[in-house]
**Q** 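If you scroll down you'll find the structure; I have some questions about it.
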Amino acid sequence: MFSMIQFQSAGLVIVLFIMCMHFARRTKWLVTERTFEVFLFIVLAGLLLDISSIFAIAYRTKIPVIVTNLISKFYLISLQVTTLMTLVYLFADLFWYEERIRKLFRPFLIFLIVIFCSYLFLPIYYFFDFENRVVYSYGPAVFMTYVCCLSFLTLSFGILIFCWDKISLSRKLPVVVIISSFIISAVIQFFNNELLLVGFAMSMAVMVIYLYMENPYLRMDRELGTNNEHAWNLYVKQMFARKKDFNMVAIYINDLESIIDIFGNKNKIDLLLSITNFFRSIDDSISFRMGTNNFIVVSSTLKNKDLLEKITRRFAEPFSVADASIKLSVSYCTYPDSKLFSDVQELISIKNYIHLKMKRNANETFITVNEDLIKSQREMVNIKKRLQWALENDGFDVFYQPIYSFEKGRIVSAEALTRLKDEEGKFINPEVFIQIAEENGMILEIGMKVFDKVCRFIKDFHPEDLGIEYIEVNLSPVQCMQYRLADRYIRIMKDYDVKPQNIVFEITETAAIGSPVNLTRNVDTFVSNGVKFALDDYGTGYSNLSYVYALPFDCVKIDKSILWSSLDNPKAYATLKNTFYMLQQLGTEVVMEGVETIGHIEKLLEL
C-alpha cells in the first residue's frame with residue numbers, strides 16, 4: 001500500500017516540517033501570514049484526505065459505500081479549496097484591503113459553497129488494481145474537479161498578467177512557479193490517472209511560498225532575533241492598506257561604536273539584546289531593528305506620549321555592559337499620528353530622511369514629525385521632480401556673477417551660477433536643490449549639462465573680448481568623487497574649442513576631505529591640461545591649511561561670513577586680515593565673497 005501513497009507521504013512530511021518551522025517564528029500580525037497558515041492547514045487536510053481516499057478505495061468492500069464516497073468527495077473539494085486559497089493568498093497583498101473586492105468575495109464564496117454541496121449528488125467511480133498498485137477515481141465528480149481547478153488557475157493567471165506591475169518582485173517568480181506546477185501536475189494526472197501527483201504539487205507550492213514569501217527569517221534580524229526593516233515595511237504597508245492608525249518612536253543609540261571599541265563586539269550584542277528584550281516587554285507594541293544602532297517601536301493602541309514615556313524612562317537609567325553600568329547617549333524621533341502622512345511611501349521617505357539626519361548629526365536629540373516637517377519634505381519631493389523635469393527638458397539656467405579686481409579696477413572674471421525655477425516661475429533656493437541633487441545622484445548629470453552650457457557660452461559670445469579672463473565653475477563633492485570626471489570635462493572643452501585658461505574650477509574643503517584619491521587624480525588631469533583651481537568657501541567647515549598648500553590652488557575664495565562678521569567684531573577682522581596676509585605670502589590670488597555694501601568695500605580697502 002505504501003507504494004501507492006509515496007508521493008502523498010513525501011508531501012505530508014514536507015508540509016509538517018514547514019509547519020514546525022513557520023510556527024516557531026510566526027509574527028502573528030501579518031495578514032498574508034495568517035492567510036498562509038489557513039493555506040497550510042487546507043493542504044495538510046487535502047493530503048490526509050488523499051491518503052484516506054486511497055485506503056477507502058482499496059478497502060471499499062469492507063467500508064460502507066457512503067463513507068468511501070464522502071472521503072473521496074471531500075478530497076476533491078479540498079483540491080478546489082486549495083487552488084482557491086492559492087488565488088486568495090497570492091493576491092492578498094493586492095486586493096484584500098479593498099472594500100469592493102471583499103464585497104465581491106462574499107457572493108463568490110456563497111456560489112462556491114453551492115458548487116461544493118452539489119458534489120454530494122454527483123456520481124463518482126473507482127478503479128483499483130492491487131497487483132499493479134494502481135488506484136484512482138473517475139466520473140462526473142472528478143471531471144467537475146478538473147474544470148473548477150482549471151478555472152481558478154486560469155483566473156489566477158489572468159490576475160497575474162493584469163496586475164503584473166503591481167505585484168512585488170519577490171512574488172512574481174513564486175506566483176508563476178506555483179500556478180504552473182498546479183497546471184502541469186493536473187494535466188499529467190488527467191492523462192495518467194495512476195500518477196497521483198496533485199497532492200505532492202500542493203506540498204511543493206507550500207514550500208515555494210514559505211521559502212520565497214513567508215520565510216520568517218527574511219523578516220528577522222539574525223543578530224538579535226527581532227523584526228528587521230523588511231518586517232517594518234510590511235507592517236506599515238498593511239496598516240495603511242487597512243486604514244488603521246498607529247504611532248511610532250524611533251530610537252538612535254549614538255555611542256554604540258564607542259561601546260564596541262571599548263567593550264568589544266560580544267558585549268555590544270549583549271547590550272543590544274537587553275535593549276531588544278526591553279522593547280518586547282512593552283505591551284501592545286511591536287519593535288523593529290532598522291539598522292546597527294536604530295530601532296523603531298510601533299503601537300496602534302498606546303498613545304504616543306505614553307509609548308515615548310516608557311522608552312525615555314528606561315533609557316534614562318544605565319544599562320549593564322561587561323559588569324559596568326553605562327548610560328547611553330540616545331536620540332529620539334516620534335511619529336505621533338500615521339494620519340499625517342498621505343500614503344505609506346511618504347512615511348518611508350520621511351523615515352529615511354530623518355535616519356540620515358540623525359546619522360549625520362548626533363547632537364539632534366529629539367525630532368517630532370509634525371505637519372510642518374511633512375510639508376517641508378513634500379516640497380523636497382516636488383523639487384526632486386522639478387530637477388528630473390529640468391534634466392529632461394533643459395530647464396536649468398546659468399547666470400554669470402561678475403568678479404571685480406581691486407588691482408585692475410575692473411571686472412576680470414565671472415562665476416557660473418546654476419538656477420532652477422519652480423512651476424510658477426519662482427527661483428528655488430540653490431542651496432536646497434543642489435543638496436537634493438547630490439543626495440539623489442542627479443548632480444552628476446546636472447554638472448555635465450551646466451558645464452556644457454558654460455563652454456557653449458564661451459564659444460558663442462567670446463567673453464574674453466570684454467575683458468573676462470575666465471569663468472569659474474563649481475564642482476560639488478559628489479562630482480569630485482567620480483572616477484575620470486576630468487576626462488569627460490576636458491572632452492567637452494575640446495568639443496567647444498575652449499582654452500584651458502578660460503576655465504577655473506571651484507571646489508570646497510568638503511570635496512577635498514570626502515574623496516582625496518579621486519580628487520587628486522581629477523585635479524592632476526585638469527592641471528596637466530592647463531586648467532586652474534580655486535578653493536571655495538574658505539573659512540567655513542574645517543579650514544584646514546594643509547589643503548591650501550597641498551593642492552594646486554591658484555585662488556582662494558574667502559567665505560562671506562568672515563567679511564560680514566569683521567564689521568563689528570575685532571577678532572573676525574583680525575582673522576580676515578591675517579588670512580589675506582597668509583594667502584598673499586603663499587602667492588595665491590584672493591577673492592572675497594559677499595561684497596554687497598559700501599561698508600564691505602571700505603573694510604576691504606583697509607587691507
**Q** Can a donor-acceptor pair be found between the side chains of Thr334 and Asn304 at a distance below 3.5 Å?
**A** yes
**Q** Salt-bridged, Glu257 to Lys268, with N to O below 4.0 Å?
**A** no
**Q** For the backbone of Ser329 and the side chain of Asp255, can you confirm whether one donor and one acceptor N or O come within less than 3.5 Å of each other?
**A** yes
**Q** Mind telling me whether Trp29 and Phe288 have parallel, tilted or perpendicular rings, with 30° and 60° as the class edges?
**A** perpendicular
**Q** Hey, is CD on Glu392 packed in by over 12 heavy atoms from elsewhere, all under 6.0 Å?
**A** yes
**Q** So, Lys385 and Glu423, do they make that salt bridge, N to O below 4.0 Å?
**A** no
**Q** Do Ile326 and Phe263 come close enough that some side-chain heavy atom pair is under 4.5 Å?
**A** yes
**Q** Checking the side chain of Ser203 only, and the main-chain atoms of Leu12 only, is there a donor and an acceptor separated by less than 3.5 Å?
**A** no
**Q** Count the heavy atoms belonging to other residues, nucleotides or ligands that lie under 6.0 Å from CZ of Phe315, then report whether that count exceeds 12.
**A** yes
**Q** Going by atom types only, do His22 and Glu214 share a side-chain donor-acceptor pair under 3.5 Å?
**A** no
**Q** With the side chain counted from C-beta on, respond yes when Leu40 and Leu44 share a heavy-atom pair under 4.5 Å apart, and no when they do not.
**A** no
**Q** Against Ser331, only a single residue in Thr365, Asn294, Asn254 fulfils side chain to side chain donor-acceptor pair (under 3.5 Å); can you say which?
**A** Asn254
**Q** Do Thr83 side-chain atoms and Gln80 backbone N/O form a donor-acceptor pair below 3.5 Å?
**A** yes
**Q** Provide the closest heavy-atom pair for Thr82 versus Phe39 in the form atom of the first, atom of the second, distance.
**A** O-CE1, 3.6 Å
**Q** Should we say atom CD of Glu317 is surrounded by more than 12 heavy atoms from elsewhere, each under 6.0 Å from it?
**A** yes
**Q** Of the options Arg26, Arg219, Arg25, which is the one that meets Glu33 in a salt bridge (Lys or Arg N to Asp or Glu O under 4.0 Å)?
**A** Arg219
**Q** May I ask you to decide if Leu224's main-chain N or O and Asp221's side chain share a donor-acceptor pair within less than 3.5 Å?
**A** yes
**Q** Of Val206, Asn215, Val13, which is the lone residue that meets side-chain contact (heavy atoms from CB on, under 4.5 Å) with Ile18?
**A** Val206
**Q** So does Asp323 have more than 12 non-hydrogen atoms from other groups sitting under 6.0 Å from CG?
**A** no
**Q** May I ask you to test the Tyr335-Ile354 pair for a side-chain heavy-atom distance under 4.5 Å?
**A** yes
**Q** Counting neighbours of CZ on Phe399 that are heavy atoms of other residues, nucleotides or ligands and sit closer than 6.0 Å, is the number greater than 12?
**A** yes
**Q** How close do Lys303 and Asn247 get, counting heavy atoms only, and between which atoms?
**A** C-ND2, 4.1 Å
**Q** Side chains of Tyr235 and Leu30: closer than 4.5 Å at any heavy-atom pair?
**A** no
**Q** Might you confirm whether atom CZ of Phe427 has over 12 heavy atoms from other residues, nucleotides or ligands at distances under 6.0 Å?
**A** yes
**Q** Which atom pair, heavy atoms only, marks the closest approach of Ile350 to Gln377?
**A** CG1-CG, 3.6 Å
**Q** Side chains of Val81 and Phe152: does their closest heavy-atom pair fall under 4.5 Å?
**A** no
**Q** Tell me if a side-chain donor or acceptor on Asn370 pairs with a main-chain N or O of Asp372 at a distance below 3.5 Å.
**A** yes
**Q** Could you tell me whether the side chain of Arg386 reaches within less than 4.5 Å of the side chain of Gln388, counting heavy atoms only?
**A** no
**Q** Would Lys310 and Asp306 pass as an ion pair if we require N to O under 4.0 Å?
**A** no
**Q** Enter the distance from Met290:CE to Glu229:CD here, rounded to the nearest 0.5 Å.
**A** 4.0 Å
**Q** Taking all non-hydrogen atoms of both residues into account, name the closest pair between Ile42 and Ser78 and its distance.
**A** CG2-O, 4.3 Å
**Q** Is any side-chain heavy atom of Val369 closer than 4.5 Å to a side-chain heavy atom of Cys333?
**A** yes
**Q** Distance only, no hydrogens: is a donor on one side chain within 3.5 Å (strictly under) of an acceptor on the other, for Gln435 and Glu439?
**A** yes
**Q** What are the two closest heavy atoms between Ile296 and Ala250, and how far apart are they?
**A** CG1-CB, 3.8 Å
**Q** Using 4.0 Å as the upper bound for N to carboxylate O, is an ion pair formed by Arg378 and Glu346?
**A** yes
**Q** Could you tell me which non-hydrogen atom of Ile374 sits nearest to which non-hydrogen atom of Phe341, and how far apart they are?
**A** CD1-CE2, 3.7 Å
**Q** Against the six-membered ring of Phe319, is Arg314 placed for a cation-pi contact (under 6.0 Å from the centre, within 45° of the normal)?
**A** yes
**Q** Taking the side chain as every heavy atom from C-beta outward, state whether Pro216 and Phe23 have any pair of such atoms under 4.5 Å apart.
**A** no
